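Counting convention: from 1, in listed order, for ligands and their atoms alike. Values reported hereafter were calculated over all heavy atoms of this structure, with side chains retained and with hydrogens, waters and symmetry mates removed. These figures come from a predicted structure and were not determined experimentally.
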Amino acid sequence: MGSIPTFGTVQRTIARVKVGVLTGGGDCPGLNAVIRAVGRRVMVRGHEFVGVLEGWKGLVEGLFEPLGAREISGLLPRGGTIIGTTRTNPYKIDGGIDRVLSNFESAGLGALVAIGGEDTLGVAARLYAERQFPVVGVPKTIDNDLSATDYTFGFDTAVAIATEAIDRLHTTAESHNRVMVVEVMGRHTGWIAVMSGIAGGADMILIPEQPVPIEEACAQLEHRHERGKDFSIVVVSEGYELEGLADENEVDQFGHVRLSQRGVGDALAREIEQRTGFETRVTVLGHVQRGGTPTPRDRVLATRYGLKAADLVEEGKFGRMAALRGDAIVDVSLEEATAELKTVPADWYDVARAFFG
Ligand code: F6P
(Lines give C-alpha, C1' and ligand atoms only; values in the text may rest on other atoms or scores of the structure.)
Protein backbone atom coordinates (compact mmCIF):
# COMPACT_ATOMS: atom_id res chain seq x y z
CA MET A 1 0.00 0.00 0.00
CA GLY A 2 1.16 3.57 -0.74
CA SER A 3 1.87 6.50 1.49
CA ILE A 4 0.60 6.79 5.02
CA PRO A 5 -2.23 9.33 5.13
CA THR A 6 -1.14 12.71 6.44
CA PHE A 7 -4.48 14.51 6.57
CA GLY A 8 -5.34 15.73 10.05
CA THR A 9 -5.92 13.29 12.86
CA VAL A 10 -7.38 9.86 12.28
CA GLN A 11 -10.95 10.25 13.52
CA ARG A 12 -11.96 6.64 14.02
CA THR A 13 -10.37 3.42 14.93
CA ILE A 14 -12.55 0.96 13.04
CA ALA A 15 -10.84 -1.83 11.18
CA ARG A 16 -8.62 -0.48 8.46
CA VAL A 17 -10.18 -1.12 5.08
CA LYS A 18 -8.79 -0.76 1.59
CA VAL A 19 -11.24 1.40 -0.36
CA GLY A 20 -11.03 1.27 -4.13
CA VAL A 21 -12.28 3.93 -6.52
CA LEU A 22 -12.98 3.63 -10.24
CA THR A 23 -14.21 5.98 -12.95
CA GLY A 24 -16.13 4.47 -15.86
CA GLY A 25 -17.72 5.69 -19.10
CA GLY A 26 -16.98 9.01 -20.77
CA ASP A 27 -14.65 11.32 -18.87
CA CYS A 28 -16.36 14.25 -17.23
CA PRO A 29 -15.35 17.48 -15.48
CA GLY A 30 -15.34 16.87 -11.73
CA LEU A 31 -14.17 13.24 -11.67
CA ASN A 32 -10.90 14.21 -10.02
CA ALA A 33 -12.70 16.38 -7.49
CA VAL A 34 -14.73 13.32 -6.42
CA ILE A 35 -11.58 11.19 -6.16
CA ARG A 36 -9.99 13.88 -3.99
CA ALA A 37 -12.98 14.10 -1.65
CA VAL A 38 -13.42 10.33 -1.26
CA GLY A 39 -9.68 9.90 -0.68
CA ARG A 40 -9.44 12.70 1.78
CA ARG A 41 -12.26 11.37 3.94
CA VAL A 42 -11.29 7.70 3.87
CA MET A 43 -7.66 8.51 4.68
CA VAL A 44 -8.65 10.75 7.59
CA ARG A 45 -10.58 7.77 8.90
CA GLY A 46 -7.51 5.60 8.71
CA HIS A 47 -8.35 3.55 5.65
CA GLU A 48 -6.22 2.91 2.61
CA PHE A 49 -7.20 4.30 -0.78
CA VAL A 50 -6.57 2.56 -4.10
CA GLY A 51 -7.27 3.63 -7.66
CA VAL A 52 -8.77 0.91 -9.87
CA LEU A 53 -7.49 1.89 -13.29
CA GLU A 54 -9.60 2.34 -16.44
CA GLY A 55 -13.04 1.64 -15.05
CA TRP A 56 -14.33 -1.94 -14.77
CA LYS A 57 -11.42 -3.02 -16.96
CA GLY A 58 -9.16 -2.42 -13.96
CA LEU A 59 -11.03 -5.03 -11.94
CA VAL A 60 -11.24 -7.49 -14.82
CA GLU A 61 -7.48 -7.22 -15.42
CA GLY A 62 -6.24 -6.40 -11.92
CA LEU A 63 -4.96 -2.87 -12.60
CA PHE A 64 -4.48 -0.98 -9.35
CA GLU A 65 -2.56 2.03 -8.13
CA PRO A 66 -2.25 3.11 -4.51
CA LEU A 67 -3.41 6.69 -3.96
CA GLY A 68 -1.92 8.74 -1.17
CA ALA A 69 -2.09 12.33 0.00
CA ARG A 70 0.27 13.45 -2.75
CA GLU A 71 -1.66 11.76 -5.55
CA ILE A 72 -4.97 13.33 -4.59
CA SER A 73 -3.78 16.87 -4.08
CA GLY A 74 -4.22 19.63 -6.65
CA LEU A 75 -7.12 17.82 -8.29
CA LEU A 76 -10.03 20.24 -7.89
CA PRO A 77 -9.53 22.16 -11.15
CA ARG A 78 -8.21 19.23 -13.14
CA GLY A 79 -10.37 17.82 -15.97
CA GLY A 80 -10.46 14.16 -17.05
CA THR A 81 -9.62 11.43 -14.56
CA ILE A 82 -6.24 10.59 -13.03
CA ILE A 83 -7.16 6.89 -12.88
CA GLY A 84 -8.32 6.54 -16.47
CA THR A 85 -11.64 5.33 -17.83
CA THR A 86 -13.08 2.88 -20.37
CA ARG A 87 -16.50 1.68 -21.41
CA THR A 88 -15.68 -1.91 -20.38
CA ASN A 89 -18.68 -4.04 -19.40
CA PRO A 90 -17.52 -7.08 -17.37
CA TYR A 91 -20.86 -8.80 -18.08
CA LYS A 92 -19.90 -8.88 -21.77
CA ILE A 93 -16.54 -10.53 -21.14
CA ASP A 94 -16.21 -14.31 -20.76
CA GLY A 95 -15.57 -14.94 -17.07
CA GLY A 96 -15.55 -11.18 -16.53
CA ILE A 97 -17.51 -11.14 -13.29
CA ASP A 98 -15.44 -13.93 -11.72
CA ARG A 99 -12.31 -11.99 -12.57
CA VAL A 100 -13.75 -8.82 -11.04
CA LEU A 101 -14.51 -10.68 -7.82
CA SER A 102 -11.20 -12.51 -7.59
CA ASN A 103 -9.08 -9.43 -8.42
CA PHE A 104 -11.04 -7.41 -5.87
CA GLU A 105 -10.31 -10.02 -3.24
CA SER A 106 -6.66 -10.57 -4.08
CA ALA A 107 -6.04 -6.81 -3.99
CA GLY A 108 -7.37 -6.91 -0.43
CA LEU A 109 -10.12 -4.41 -1.18
CA GLY A 110 -13.04 -4.11 1.23
CA ALA A 111 -15.21 -1.56 -0.57
CA LEU A 112 -15.49 0.14 -3.93
CA VAL A 113 -16.65 3.62 -4.92
CA ALA A 114 -17.83 3.51 -8.54
CA ILE A 115 -18.12 6.89 -10.23
CA GLY A 116 -20.12 6.68 -13.43
CA GLY A 117 -23.30 7.04 -15.39
CA GLU A 118 -26.06 4.57 -16.20
CA ASP A 119 -23.66 1.95 -17.65
CA THR A 120 -20.96 1.93 -14.97
CA LEU A 121 -23.52 2.18 -12.18
CA GLY A 122 -25.74 -0.40 -13.90
CA VAL A 123 -22.89 -2.89 -13.51
CA ALA A 124 -22.48 -1.80 -9.86
CA ALA A 125 -26.21 -2.24 -9.20
CA ARG A 126 -26.20 -5.72 -10.69
CA LEU A 127 -23.05 -6.80 -8.86
CA TYR A 128 -24.58 -5.64 -5.60
CA ALA A 129 -27.95 -7.31 -6.27
CA GLU A 130 -26.54 -10.61 -7.50
CA ARG A 131 -23.26 -10.95 -5.57
CA GLN A 132 -23.65 -8.58 -2.60
CA PHE A 133 -20.61 -6.71 -3.92
CA PRO A 134 -19.64 -3.90 -1.48
CA VAL A 135 -20.05 -0.96 -3.83
CA VAL A 136 -21.44 2.57 -3.57
CA GLY A 137 -22.05 4.92 -6.50
CA VAL A 138 -21.48 8.54 -7.46
CA PRO A 139 -23.60 9.97 -10.30
CA LYS A 140 -21.44 11.30 -13.10
CA THR A 141 -22.36 12.40 -16.61
CA ILE A 142 -22.51 15.54 -18.68
CA ASP A 143 -25.82 14.17 -20.04
CA ASN A 144 -27.68 14.56 -16.69
CA ASP A 145 -29.81 11.55 -17.61
CA LEU A 146 -29.52 9.53 -14.37
CA SER A 147 -32.68 9.00 -12.36
CA ALA A 148 -32.99 9.51 -8.62
CA THR A 149 -30.75 12.59 -8.55
CA ASP A 150 -31.66 16.13 -9.53
CA TYR A 151 -28.27 16.73 -11.14
CA THR A 152 -25.18 14.75 -12.02
CA PHE A 153 -21.81 16.46 -11.73
CA GLY A 154 -20.25 17.49 -15.04
CA PHE A 155 -23.54 18.69 -16.49
CA ASP A 156 -23.12 22.28 -15.32
CA THR A 157 -19.72 22.50 -17.01
CA ALA A 158 -21.03 21.08 -20.28
CA VAL A 159 -23.91 23.57 -20.25
CA ALA A 160 -21.50 26.44 -19.54
CA ILE A 161 -19.28 25.43 -22.46
CA ALA A 162 -22.23 25.04 -24.85
CA THR A 163 -23.71 28.35 -23.74
CA GLU A 164 -20.46 30.16 -24.37
CA ALA A 165 -20.32 28.61 -27.85
CA ILE A 166 -23.89 29.74 -28.59
CA ASP A 167 -23.03 33.28 -27.46
CA ARG A 168 -20.05 33.31 -29.80
CA LEU A 169 -22.03 31.89 -32.71
CA HIS A 170 -24.64 34.62 -32.28
CA THR A 171 -22.20 37.26 -33.52
CA THR A 172 -21.47 35.37 -36.74
CA ALA A 173 -25.15 34.53 -37.25
CA GLU A 174 -26.07 38.21 -36.90
CA SER A 175 -23.23 39.56 -39.03
CA HIS A 176 -23.92 37.18 -41.94
CA ASN A 177 -27.71 36.84 -41.65
CA ARG A 178 -27.30 33.12 -41.25
CA VAL A 179 -28.93 30.24 -39.48
CA MET A 180 -26.34 28.64 -37.19
CA VAL A 181 -27.02 25.06 -36.16
CA VAL A 182 -25.21 23.94 -32.98
CA GLU A 183 -25.08 20.19 -32.31
CA VAL A 184 -24.59 19.29 -28.66
CA MET A 185 -24.13 15.97 -26.85
CA GLY A 186 -26.58 14.37 -24.44
CA ARG A 187 -27.21 10.97 -25.94
CA HIS A 188 -30.93 10.10 -25.79
CA THR A 189 -31.90 13.05 -23.65
CA GLY A 190 -31.92 16.75 -24.42
CA TRP A 191 -30.76 18.23 -21.11
CA ILE A 192 -27.65 19.95 -22.47
CA ALA A 193 -29.56 21.27 -25.50
CA VAL A 194 -32.45 22.65 -23.47
CA MET A 195 -30.39 24.28 -20.73
CA SER A 196 -27.72 25.78 -22.98
CA GLY A 197 -30.40 26.74 -25.51
CA ILE A 198 -32.41 28.62 -22.88
CA ALA A 199 -29.27 30.25 -21.45
CA GLY A 200 -27.95 31.18 -24.89
CA GLY A 201 -31.29 32.40 -26.30
CA ALA A 202 -31.73 29.76 -29.00
CA ASP A 203 -34.51 30.37 -31.51
CA MET A 204 -35.21 26.66 -31.92
CA ILE A 205 -34.16 23.67 -29.79
CA LEU A 206 -34.57 20.13 -31.07
CA ILE A 207 -34.34 17.23 -28.60
CA PRO A 208 -35.26 13.52 -28.62
CA GLU A 209 -37.99 13.84 -25.99
CA GLN A 210 -40.01 16.52 -27.85
CA PRO A 211 -39.64 15.60 -31.50
CA VAL A 212 -40.69 18.81 -33.26
CA PRO A 213 -40.92 17.86 -36.96
CA ILE A 214 -38.57 19.57 -39.40
CA GLU A 215 -41.52 21.29 -41.19
CA GLU A 216 -42.57 22.97 -37.96
CA ALA A 217 -39.01 23.94 -37.05
CA CYS A 218 -38.56 25.59 -40.47
CA ALA A 219 -41.94 27.32 -40.23
CA GLN A 220 -40.85 28.84 -36.90
CA LEU A 221 -37.59 30.09 -38.43
CA GLU A 222 -39.49 31.61 -41.36
CA HIS A 223 -41.88 33.30 -38.96
CA ARG A 224 -38.95 34.77 -37.09
CA HIS A 225 -37.47 36.12 -40.32
CA GLU A 226 -40.87 37.58 -41.29
CA ARG A 227 -40.88 39.59 -38.11
CA GLY A 228 -37.56 41.16 -39.07
CA LYS A 229 -34.94 38.84 -37.53
CA ASP A 230 -32.50 37.87 -40.28
CA PHE A 231 -30.57 35.27 -38.30
CA SER A 232 -31.36 32.32 -36.06
CA ILE A 233 -29.64 29.96 -33.67
CA VAL A 234 -30.82 26.33 -33.70
CA VAL A 235 -29.56 23.98 -30.97
CA VAL A 236 -29.94 20.30 -31.79
CA SER A 237 -29.26 17.39 -29.49
CA GLU A 238 -27.21 14.58 -31.07
CA GLY A 239 -30.07 12.15 -30.35
CA TYR A 240 -32.82 14.16 -32.10
CA GLU A 241 -34.72 11.98 -34.55
CA LEU A 242 -34.55 13.64 -37.94
CA GLU A 243 -36.72 11.85 -40.48
CA GLY A 244 -34.69 9.70 -42.87
CA LEU A 245 -31.51 9.76 -40.78
CA ALA A 246 -30.36 6.22 -39.99
CA ASP A 247 -28.40 5.11 -36.90
CA GLU A 248 -24.93 3.73 -37.48
CA ASN A 249 -24.83 0.04 -36.54
CA GLU A 250 -21.64 -0.10 -34.52
CA VAL A 251 -22.41 -0.40 -30.80
CA ASP A 252 -20.24 -0.39 -27.65
CA GLN A 253 -20.25 -3.07 -24.90
CA PHE A 254 -23.32 -1.45 -23.37
CA GLY A 255 -25.21 -1.52 -26.68
CA HIS A 256 -24.94 2.21 -27.41
CA VAL A 257 -24.54 3.50 -30.95
CA ARG A 258 -22.13 6.39 -31.48
CA LEU A 259 -24.64 9.16 -32.01
CA SER A 260 -22.02 11.63 -33.21
CA GLN A 261 -21.60 9.45 -36.32
CA ARG A 262 -25.20 10.07 -37.39
CA GLY A 263 -24.31 13.69 -38.14
CA VAL A 264 -27.69 15.07 -37.21
CA GLY A 265 -26.35 18.65 -37.15
CA ASP A 266 -25.09 18.44 -40.73
CA ALA A 267 -28.24 16.79 -42.01
CA LEU A 268 -30.41 19.33 -40.22
CA ALA A 269 -28.46 22.29 -41.60
CA ARG A 270 -28.88 20.94 -45.16
CA GLU A 271 -32.63 20.46 -44.64
CA ILE A 272 -33.09 23.95 -43.21
CA GLU A 273 -31.20 25.56 -46.09
CA GLN A 274 -33.13 23.60 -48.71
CA ARG A 275 -36.52 24.21 -47.17
CA THR A 276 -36.16 27.88 -46.20
CA GLY A 277 -33.48 29.19 -48.56
CA PHE A 278 -31.67 30.73 -45.55
CA GLU A 279 -27.90 30.35 -45.61
CA THR A 280 -27.08 27.83 -42.88
CA ARG A 281 -23.90 26.63 -41.14
CA VAL A 282 -23.31 23.94 -38.55
CA THR A 283 -20.99 23.68 -35.53
CA VAL A 284 -20.61 20.31 -33.80
CA LEU A 285 -19.31 20.95 -30.28
CA GLY A 286 -18.31 17.33 -29.61
CA HIS A 287 -15.89 16.40 -26.85
CA VAL A 288 -14.97 19.98 -26.03
CA GLN A 289 -18.18 19.88 -23.93
CA ARG A 290 -16.64 17.49 -21.43
CA GLY A 291 -13.05 18.65 -21.52
CA GLY A 292 -11.10 20.86 -19.18
CA THR A 293 -11.73 22.35 -15.80
CA PRO A 294 -15.07 21.97 -13.97
CA THR A 295 -17.21 24.97 -13.05
CA PRO A 296 -17.27 25.98 -9.37
CA ARG A 297 -20.74 24.46 -9.08
CA ASP A 298 -19.49 21.10 -10.39
CA ARG A 299 -16.44 21.20 -8.11
CA VAL A 300 -18.68 21.73 -5.11
CA LEU A 301 -21.21 19.08 -6.16
CA ALA A 302 -18.45 16.56 -6.92
CA THR A 303 -16.87 17.27 -3.52
CA ARG A 304 -20.17 16.77 -1.68
CA TYR A 305 -20.84 13.54 -3.59
CA GLY A 306 -17.35 12.25 -2.79
CA LEU A 307 -17.70 12.89 0.93
CA LYS A 308 -21.12 11.24 0.94
CA ALA A 309 -19.77 8.18 -0.87
CA ALA A 310 -17.03 7.83 1.74
CA ASP A 311 -19.69 8.09 4.48
CA LEU A 312 -21.76 5.37 2.82
CA VAL A 313 -18.70 3.12 2.82
CA GLU A 314 -18.09 3.90 6.49
CA GLU A 315 -21.69 3.05 7.37
CA GLY A 316 -21.61 -0.12 5.27
CA LYS A 317 -24.52 1.19 3.18
CA PHE A 318 -23.63 -0.66 0.00
CA GLY A 319 -25.84 -0.75 -3.08
CA ARG A 320 -26.51 2.97 -2.54
CA MET A 321 -25.63 6.08 -4.54
CA ALA A 322 -25.00 9.65 -3.42
CA ALA A 323 -27.70 11.89 -4.90
CA LEU A 324 -28.83 15.52 -4.93
CA ARG A 325 -32.43 16.26 -3.92
CA GLY A 326 -33.15 19.95 -3.86
CA ASP A 327 -30.09 21.28 -2.07
CA ALA A 328 -29.50 18.20 0.09
CA ILE A 329 -27.13 15.31 -0.52
CA VAL A 330 -28.97 12.06 0.22
CA ASP A 331 -28.52 8.42 -0.69
CA VAL A 332 -30.72 6.37 -3.02
CA SER A 333 -30.55 2.79 -4.22
CA LEU A 334 -28.35 2.05 -7.22
CA GLU A 335 -31.23 0.04 -8.59
CA GLU A 336 -33.56 3.04 -8.56
CA ALA A 337 -30.88 5.29 -10.06
CA THR A 338 -30.28 3.00 -13.03
CA ALA A 339 -33.80 1.69 -13.67
CA GLU A 340 -34.66 4.25 -16.32
CA LEU A 341 -33.29 7.36 -18.04
CA LYS A 342 -34.23 10.75 -16.66
CA THR A 343 -35.66 12.60 -19.64
CA VAL A 344 -36.43 16.32 -20.06
CA PRO A 345 -39.97 16.96 -18.80
CA ALA A 346 -42.44 18.92 -20.94
CA ASP A 347 -42.46 21.94 -18.63
CA TRP A 348 -38.73 22.50 -19.13
CA TYR A 349 -39.23 22.37 -22.89
CA ASP A 350 -42.09 24.87 -22.56
CA VAL A 351 -39.65 27.40 -21.09
CA ALA A 352 -37.50 27.00 -24.21
CA ARG A 353 -40.48 27.00 -26.60
CA ALA A 354 -41.66 30.40 -25.35
CA PHE A 355 -38.80 31.94 -27.38
CA PHE A 356 -39.22 30.05 -30.67
CA GLY A 357 -40.43 31.75 -33.86
O1 F6P B 1 -22.24 10.12 -22.08
C2 F6P B 1 -21.37 11.18 -22.34
C3 F6P B 1 -21.17 11.35 -23.83
O4 F6P B 1 -20.33 12.47 -24.02
C5 F6P B 1 -22.45 11.49 -24.64
O6 F6P B 1 -23.03 12.76 -24.56
C7 F6P B 1 -21.96 11.11 -26.01
O8 F6P B 1 -23.00 10.59 -26.83
C9 F6P B 1 -20.95 10.04 -25.73
O10 F6P B 1 -20.53 10.22 -24.39
C11 F6P B 1 -19.76 10.09 -26.63
O12 F6P B 1 -18.95 9.00 -26.34
P13 F6P B 1 -17.44 8.81 -26.85
O14 F6P B 1 -16.57 9.65 -25.99
O15 F6P B 1 -17.21 7.35 -26.65
O16 F6P B 1 -17.41 9.24 -28.27
Side-chain angles (χ1 to χ4, degrees), residues 22-32 34 54-57 79-81 84-89 92 114-124 137-147 149 151-163 165 182-197 205-209 235-242 245-268 283-295 298 301-302 321 337-338 340-344:
L22 68 75
T23 53
D27 73 325
C28 178
L31 282 166
N32 289 323
V34 179
E54 300 180 26
W56 290 111
K57 180 179 172 197
T81 163
T85 184
T86 57
R87 294 191 191 281
T88 302
N89 182 354
K92 292 285 175 199
I115 313 171
E118 51 152 342
D119 299 331
T120 303
L121 297 184
V123 170
V138 175
K140 164 237 71 159
T141 169
I142 63 163
D143 304 335
N144 198 39
D145 59 358
L146 258 185
S147 289
T149 187
Y151 290 98
T152 53
F153 76 84
F155 174 63
D156 187 62
T157 306
V159 170
I161 293 168
T163 302
V182 189
E183 181 186 314
V184 297
M185 284 184 166
R187 226 169 225 165
H188 300 292
T189 64
W191 286 104
I192 299 176
V194 164
M195 294 298 184
S196 63
I205 303 173
L206 298 168
I207 63 173
E209 296 94 324
V235 178
V236 62
S237 181
E238 61 179 356
Y240 168 70
E241 289 297 335
L242 182 64
L245 195 66
D247 271 349
E248 294 289 327
N249 291 327
E250 192 192 326
V251 292
D252 66 18
Q253 287 189 343
F254 289 94
H256 298 297
V257 290
R258 269 173 61 197
L259 289 173
S260 58
Q261 288 186 320
R262 296 164 74 224
V264 71
D266 266 327
L268 180 68
T283 300
V284 180
L285 292 185
H287 293 86
V288 74
Q289 289 160 98
R290 49 180 228 225
T293 194
T295 58
D298 272 336
L301 185 59
M321 181 187 86
T338 53
E340 57 181 28
L341 281 189
K342 184 182 70 188
T343 51
V344 176

Enquirer: Ignoring angles and geometry beyond distance, decide whether E238 reaches within less than 3.5 Å of ligand 1 through its nitrogen or oxygen atoms.
Expert: yes

Enquirer: Should the proximity of I142 to ligand 1, defined as any heavy atom under 4.0 Å, be assigned to the side chain, the backbone, both, or neither?
Expert: side chain

Enquirer: Given side chains that start at C-beta, do those of V264 and E183 come closer than 4.5 Å, heavy atoms only?
Expert: yes

Enquirer: Nearest 0.5 Å, please: how far is OG in S196 from CD1 in I205?
Expert: 7.0 Å

Enquirer: Given side chain to side chain donor-acceptor pair (under 3.5 Å), test H256 with D119 step by step and report yes or no.
Expert: CA-CA 10 Å; H256 298 297; D119 299 331; 3.0 Å; yes

Enquirer: Step by step, would you call L22 with I115 a side chain to side chain contact (heavy atoms under 4.5 Å, CB included)?
Expert: CA-CA 6 Å; L22 68 75; I115 313 171; over 6 Å; no

Enquirer: Yes or no: does G186 have any heavy atom under 4.0 Å from an atom of ligand 1?
Expert: yes

Enquirer: List the closest protein heavy-atom neighbour of atom 4 (O) of ligand 1: residue, atom name, distance to the nearest 0.1 Å.
Expert: R290 NH1, 2.8 Å

Enquirer: Taking only Lys NZ, Arg NE, NH1 and NH2, and the carboxylate oxygens of Asp or Glu, determine whether E241 and R262 approach each other closer than 4.0 Å.
Expert: yes

Enquirer: Contact between ligand 1 and Q289 is defined here as a heavy atom of the residue under 4.0 Å from a ligand atom; is it met?
Expert: no

Enquirer: Starting at CD1 of I192, measure out to CG of N144 and round the result to the nearest 0.5 Å.
Expert: 8.5 Å

Enquirer: To check your reading of the model: name the closest protein heavy atom to atom 1 (O) of ligand 1, its residue, and the distance in Å.
Expert: D143 OD2, 2.7 Å

Enquirer: Please determine if R290 and D27 form a salt bridge, counting it only when a charged side-chain N lies under 4.0 Å from a carboxylate O.
Expert: yes

Enquirer: Below the 3.5 angstrom mark, is there an N/O of L259, backbone or side chain, next to an N/O of ligand 1?
Expert: no

Enquirer: Would you say H287 touches ligand 1, if touching means a heavy atom closer than 4.0 Å?
Expert: yes

Enquirer: At a 4.0 Å threshold, what atoms of ligand 1 neighbour a non-hydrogen atom of R87?
Expert: 9 (C), 10 (O), 11 (C), 12 (O), 13 (P), 14 (O), 15 (O)

